[in-house]
Amino acid sequence: MINVFLKDVDRNDNIKGCDKFCLNQKENIVSISDMSKILGVTEMTIRRDLKILEEKGLIIRIHGGAKKKQEVSFVELSSNEKRVLHVEEKKYVAKLAGKLVQENDIIYIGPGTTNELVYDYITVSYAKVITNSMSVFLKFKDDSRFELILIGGKFRSRTDTFVGNFTNELLKKIRVKKAFIGVNGISNDHIMTANEEEALCQRIIMDNANEVYILCDSSKIGKQDFYSFYDLKDVTAVITDDKIDDTIKKEYENKVKIINE
């Protein structure tokens, strides 16, 4: 568990002490009701103090509580590095996504280590699959159930993805029923990733899809990254795992449909 200091504030708004609160390790959040019980003060007092701490840049207020303010990291991990992270959560998300694929669907599956796993959970006898991810392509290529289209272009070896003008021009001509999009973070109303070229590819196909699903394990919700490329309100749903914190889920359910069961 991660400890964060919540400071008591007197009537003159001077900091006079502090108490430790254990936050959820993954989400770094604490609820107003828990703080009220531990400190023995009213929820109104807690809300006032949280407002002061937010103004000082120490926390971020969320629905029903507060979240520790985190530094934004611009380090882009490679696909190999990502594959060993949150493996069970990614499988959970991929399984939910796979269930959404129906007979004769035309779908796009974008790059991402969660997206690579979707193949394992698709049970239809036929679907057309479009991707600009070499890793996704390799998953599907030997399965006769799928009509598979690989969109080429400039190859980014860090994420096994084709990007650039050639890729974009082809994607502009394609319409799909469902698009499954991997992300590096979702923060407030922003869907974020590490590379602007990959982001542009995703944005084009998202605009050309009837339904857009964001595949995102719960560690990425509330996390920022380098490039914001789409508004959360404009997607069909966010698919995440069952470990998402209830407070975070309630906050984001006000913005978008959350699928985690």
Review point. Atom CD1 of I109 and atom CD1 of I205: how far apart are they, to the nearest 0.5 Å?
Key: 12.0 Å
**Study point:** side chain to side chain donor-acceptor pair (under 3.5 Å) between N208 and Y108, intermediate numbers included
**Key:** CA-CA 10 Å; N208 291 346; Y108 168 84; over 6 Å; no
Exercise for review: Answer with yes or no whether the hydrophobic clustering places V136 together with F155; edges join I, L, V, M, F, W, Y residues whose side-chain heavy atoms lie under 4.5 Å apart.
Suggested key: yes
Practice item. Return the orientation label for the F180 and Y213 ring planes: parallel under 30°, perpendicular over 60°, tilted otherwise. Key: parallel
Exercise for review: Quick one: pull up CG in D34 and CD in E43 and give me the separation to the nearest 0.5 Å.
Suggested key: 9.5 Å
Review point. Cluster question for you: counting only ILVMFWY and a side-chain heavy-atom cut-off of under 4.5 Å, with indirect links fine, are L232 and L215 together?
Key: no
Revision key, fill the gap. The residue among K139, K91, K99 that forms salt bridge (Lys or Arg N to Asp or Glu O under 4.0 Å) with D120 is K139
Check your understanding: Is it the case that one hydrophobic cluster holds both I46 and V30, taking links as side-chain heavy atoms less than 4.5 Å apart, direct or via other members?
Key -> yes
Check your understanding: Would you say N165 has more than 12 foreign heavy atoms packed within less than 6.0 Å of its CG?
Key -> no
Point to revise | Distance-only side-chain donor-acceptor flag, Y227 / E197, under 3.5 Å | key: no
Point to revise | Approximate separation, where rounding is to 0.5 Å, of D105 CG and K178 NZ | key: 3.5 Å
Check your understanding: What distance separates I258 CD1 from T240 OG1, expressed to the nearest 0.5 Å?
Key -> 7.0 Å
Exercise for review: Would you kindly confirm whether V124 and L100 end up in one hydrophobic cluster when ILVMFWY residues are joined by side chain heavy atoms under 4.5 Å apart?
Suggested key: yes
Point to revise | D160 and P111, any side-chain heavy atoms less than 4.5 Å apart | key: no
Exercise for review: Mark yes when over 12 heavy atoms from residues, nucleotides or ligands other than K249 sit less than 6.0 Å from its NZ; otherwise mark no.
Suggested key: yes
Review point. Do L96 and Y121 have side-chain heavy atoms sitting under 4.5 Å apart?
Key: no
Review point. How far apart are the closest heavy atoms of C201 and G164, and which atoms are they?
Key: SG-N, 4.4 Å
Check your understanding: Are the side chains of I191 and D231 in touch, meaning some heavy atoms are under 4.5 Å apart?
Key -> no
Review point. D189 and Y230: side-chain donor and acceptor closer than 3.5 Å?
Key: no
Review point. Does any donor atom in the side chain of S125 or E103 lie under 3.5 Å from an acceptor atom in the other side chain?
Key: yes
Practice item. Return the minimal non-hydrogen interatomic distance between K172 and E169, and the atom names on each side. Key: NZ-OE2, 3.2 Å
**Study point:** Side chain to side chain, K250 and T247, heavy atoms closer than 4.5 Å
**Key:** no
Revision key, fill the gap. Side chain to side chain contact (heavy atoms under 4.5 Å, CB included) with I181: of V235, V238, V212, only one passes, and it is V212
Point to revise | 4.5 Å side-chain heavy-atom contact, I149 and V129 | key: no
Review point. Under 4.0 Å between a Lys/Arg side-chain N and an Asp/Glu carboxylate O for E253 and K257?
Key: no
Review point. Would you call I239 and C216 a side-chain contact if the rule is heavy atoms closer than 4.5 Å?
Key: no
Point to revise | side-chain contact (heavy atoms from CB on, under 4.5 Å) evaluation trace for I107 with V101 | key: CA-CA 8 Å; I107 66 172; V101 180; 4.1 Å; yes
Exercise for review: To the nearest 0.5 angstrom, please state how far the OG1 atom of T131 sits from the CG atom of N115.
Suggested key: 8.0 Å
Check your understanding: Hey, does F140 have a side-chain heavy atom less than 4.5 Å from the side chain of I122?
Key -> yes
Check your understanding: Are the side chain of S135 and the backbone N or O of E116 linked by a donor-acceptor pair below 3.5 Å?
Key -> no
Practice item. Determine, for E198 against R156, whether the closest basic-nitrogen to carboxylate-oxygen distance falls under 4.0 angstrom. Key: yes
Review point. Within the distance-only criterion (no hydrogens, no angle test), does the side chain of S36 pair as donor or acceptor with the backbone N or O of V41 below 3.5 angstrom?
Key: yes
Point to revise | Donor-acceptor contact below 3.5 Å, side chain T161 vs main chain T159 | key: yes
**Study point:** D241 with K243: basic N within carboxylate O range, under 4.0 Å
**Key:** no
Review point. Does N188 offer a backbone N or O that forms a donor-acceptor pair with the side chain of Y252 under 3.5 Å?
Key: yes
Point to revise | Donor-acceptor pair between S187 and K223 side chains, under 3.5 angstrom | key: no
Point to revise | CA sep, side-chain torsions, deciding dist, call: I32, R47, side-chain contact (heavy atoms from CB on, under 4.5 Å) | key: CA-CA 7 Å; I32 289 173; R47 288 191 179 91; 3.6 Å; yes
Check your understanding: Do I174 and I130 pass the side-chain contact (heavy atoms from CB on, under 4.5 Å) test, and can you show the C-alpha distance, the side-chain angles, and the key distance before you say yes or no?
Key -> CA-CA 9 Å; I174 291 172; I130 297 112; 4.1 Å; yes
Check your understanding: Given E147 and Y126, is the side chain to side chain donor-acceptor pair (under 3.5 Å) satisfied, shown in steps?
Key -> CA-CA 8 Å; E147 182 179 347; Y126 172 80; 2.6 Å; yes
Point to revise | Donor-acceptor contact present, side-chain K220 to main-chain V183, <3.5 Å | key: yes
Exercise for review: Dump the intermediate steps for side-chain contact (heavy atoms from CB on, under 4.5 Å) on F229 and E196, then the final yes or no.
Suggested key: CA-CA 8 Å; F229 67 98; E196 66 278 11; over 6 Å; no
Exercise for review: With the side chain counted from C-beta on, respond yes when L148 and F137 share a heavy-atom pair under 4.5 Å apart, and no when they do not.
Suggested key: yes
**Study point:** Point-to-point distance, once rounded to the nearest 0.5 Å, from CG of N260 to CG of D217
**Key:** 12.5 Å
Check your understanding: Are V118 and I259 connected in a single hydrophobic cluster, I mean Ile/Leu/Val/Met/Phe/Trp/Tyr linked by side-chain heavy atoms less than 4.5 Å apart?
Key -> yes
